[in-house]
Amino acid sequence: MSESDEVMPLIQVADLNFGYQVDGRQIEILRHVNFTIRAGEFVAIQGPSGSGKSTLFYILGCLLEPTSGSVHFDGADLTRMKPEAAAFLRNRRVGFVFQQFHLLPRATVLDNILLPAKYPQELPPAGREIRERAIELAKRLGLGDRLHHFPSQLSGGQQQRVAIARALLTDAPLILADEPTGNLDSRSAAEIMQIFAELNAQGRTIVIITHDHEVAKRCQRVLQVRDGVVTDSAATKPRHVALSSETLKVPLTWSKSSLQLATRTLPGALGNLLRTRTKSILTMLGIVIGIAAVQAMISLGEFTKDRIMEGFEALGVNKLVVRGYPNWERRASDETKREFAGFSVDSDLASVRRIFPEIRYLSPVLSSWQNTATAGGRSVSENVRLRGVNHEYAAITNIHMAEGRWLTPYHVEHRSLVCVLGSELATQLFPGQSSVGQMITVTVDADRSIPCRVIGVARPQKSNQEWNRPNTQISMPYTVYQAVGSYFASRMYQFAVQVRSESDVELAAKKIKSYFSLRYGKSGRFMVDTEGTLVAQTKRFLTIFAALLTAIAFLSLLVGGIGIHNMMLVSVTERIKEIGLRKALGATSRSIRMQVLMESLVLCSVAGLIGIAAGFAATELMIFAATKFVPKLKFELVIEPLAMLTAVGSILTVGVFSGLVPARRAERLQVIEALRAE
């Protein structure tokens with residue numbers, strides 16, 4: 001063969017050196033190693049223990065970087081290769097047969113053979129044909145009846161056959177075997193060497209690391225390693241060829257998407273958790289309790305706060321009475337944009353309703369004192385008070401009807417001559433009979449009176465204010481009151497507002513007062529009557545109380561998260577060899593990190609969903625129990641969005657942070673150290 005016909009060797013090692021520092025001293029393991037291996041050769045690398053042959057095995061398998069020199073595999077420089085490309089090479093171009101077999105103890109024979117097909121997980125998953133190939137390889141190697149057995153149920157020779165089948169799965173052009181017969185009896189060793197010979201006859205390149213002379217004799221060529229120096233026993237030395245500077249590149253289908261990688265690592269994460277289901281279930285209990293506590297405490301806190309605030313609303317504490325009067329003490333030098341002579345429904349009240357979204361209901365209030373109500377020859381004047389309001393006033397002041405109905409928008413708009421009586425006044429005017437439908441006459445001023453038809457009677461109400469006697473009041477449309485009253489009586493100097501329960505009553509009062517002060521300047525004096533301070537203090541107390549309950553719940557969740565974290569750390573420690581094997585077979589550090597994170601997320605997600613369901617059930621059970629002790633409390637299904645969002649956020653947060661440190665530890669594991677770990 002002429003030099004122009006020289007074929008690029010499969011492996012080209014040039015001036016290879018490897019060493020490491022110990023206490024400031026350089027320990028040389030390999031020194032100035034040079035050799036080539038052509039495709040199809042059957043080569044033994046032989047040497048005594050400590051000679052450096054295993055180190056050479058790891059370098060040729062792209063598991064260890066040399067100190068200097070170069071290693072070319074099929075033209076690609078391994079020493080300049082990126083980690084992703086190195087993982088791809090180990091998976092698709094090299095088949096490893098380890099001395100200790102390195103089979104996953106909790107995986108079947110078939111699953112162990114299929115292990116390289118799962119990596120690199122950045123590539124699309126293999127199809128069904130890879131499973132058929134694994135079964136075919138197992139049958140060729142005499143393992144057809146052992147596919148669903150575990151490694152502990154196999155002999156040493158059978159375990160080595162599984163390792164060989166695994167090395168052949170991806171049809172790699174190079175088989176690297178490290179002491180493949182070292183742990184076998186002579187009969188099993190002979191069988192394994194016969195398998196290697198058959199594979200070589202089929203065109204496979206075989207490189208065996210061994211100290212056994214008998215094994216070396218079975219090979220076509222022997223590279224002797226002694227004190228870090230390699231010599232070739234072949235009669236004719238292979239010629240060196242020009243070295244290429246190319247590097248192996250990953251396929252174009254290589255995915256960098258974290259979401260795709262998470263999806264592809266999920267089945268492996270589930271499989272690992274199912275293999276340790278008892279430990280997983282016990283670990284999840286902490287998260288279940290923590291999430292259930294968070295869900296229940298937030299839901300109960302919000303439910304309790306809402307019920308208490310509803311009670312306050314029933315007492316009218318979220319009601320505001322806005323008062324405004326002309327400022328008679330204004331000085332002549334005080335300039336104002338507008339003169340205040342009373343509130344206007346069309347400009348003032350309409351703009352307030354539009355500007356302040358916290359307002360739920362709003363009603364004008366016009367009132368007069370010392371009114372007299374007359375009906376059927378009976379006349380009542382003591383404590384009788386006439387009010388001009390609209391249809392929303394009943395909701396603002398929590399008025400409920402004993403009979404009949406309250407004012408409607410129609411009555412207000414069309415100035416209907418109708419009225420609603422307080423319960424005590426109705427009894428005085430119409431003893432022993434219904435007031436609804438009856439006509440009464442009410443004095444508005446000293447010289448004005450107006451007839452109206454009674455359309456409803458309010459239920460009795462309580463008041464702590466002596467001047468306010470709601471049970472002797474008469475309510476009619478404010479439009480009627482303005483029409484029949486005198487000039488001053490028809491002026492509106494106050495209106496009532498109900499603030500939404502989720503809003504700050506005290507703040508709303510300040511904002512409304514500031515609005516009118518800015519609008520009218522010093523031409524008016526404005527004040528807002530409210531019990532907002534009590535409401536604000538109560539809300540603050542309830543918020544603090546709910547926060548304390550939630551904090552206690554989060555403590556239990558923290559304990560659960562620490563439990564997950566510790567379990568994942570222990571899991572990584574227990575699986576150091578397994579992680580090293582997966583990396584050797586093509587798993588990238590990124591996919592190892594993602595798998596550990598996915599295990600943590602799966603644990604937390606499953607436990608979290610159970611916890612959410614348990615928290616919801618506990619909430620409903622406690623509400624049901626409370627209804628038995630609080631007669632006015634009604635049972636209801638409470639689905640609190642804040643509790644759900646907090647629970648889901650907690651699940652994701654705990655899942656990520658519990659698995660982050662273990663994932664980083666697994667990612668940083670060195671393959672050789674992991675495979676040698678005890």
Would you call the rings of F98 and H102 parallel, tilted or perpendicular, where under 30° means parallel and over 60° means perpendicular?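 Perpendicular, since the angle between the ring planes exceeds 60°.
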Whether [Y] and [X] form a salt bridge (side-chain N of Lys/Arg under 4.0 Å from carboxylate O of Asp/Glu) is what I want to check.
X    : Y    : value
R133 : E129 : no
E214 : K217 : yes
R264 : E122 : no
E41  : R221 : yes
D171 : R204 : yes
E198 : R140 : no

If you draw a 6.0 Å radius around [atom1] in [X], do more than 12 non-hydrogen atoms from other residues or ligands fall strictly inside?
X    : atom1 : result
K139 : NZ    : no
D227 : CG    : no
H211 : NE2   : no
R275 : CZ    : yes

Tell me, do V222 and D232 make a side-chain contact under 4.5 Å, heavy atoms counted?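 Result no, sub-4.5 Å side-chain heavy-atom pair not found.
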To the nearest 0.5 Å, how far apart are CD in Q159 and CG in L143?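 Q159 atom CD to L143 atom CG measures 10.5 Å (nearest 0.5 Å).
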D178-Q100 side chain donor-acceptor pair, cut-off 3.5 Å: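 Side chains of D178 and Q100: no pair found under 3.5 Å.
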Are S589 and E667 close enough that a side-chain donor and a side-chain acceptor fall under 3.5 Å?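 No, because no side-chain N or O of S589 sits under 3.5 Å from a partner of the opposite role on E667.
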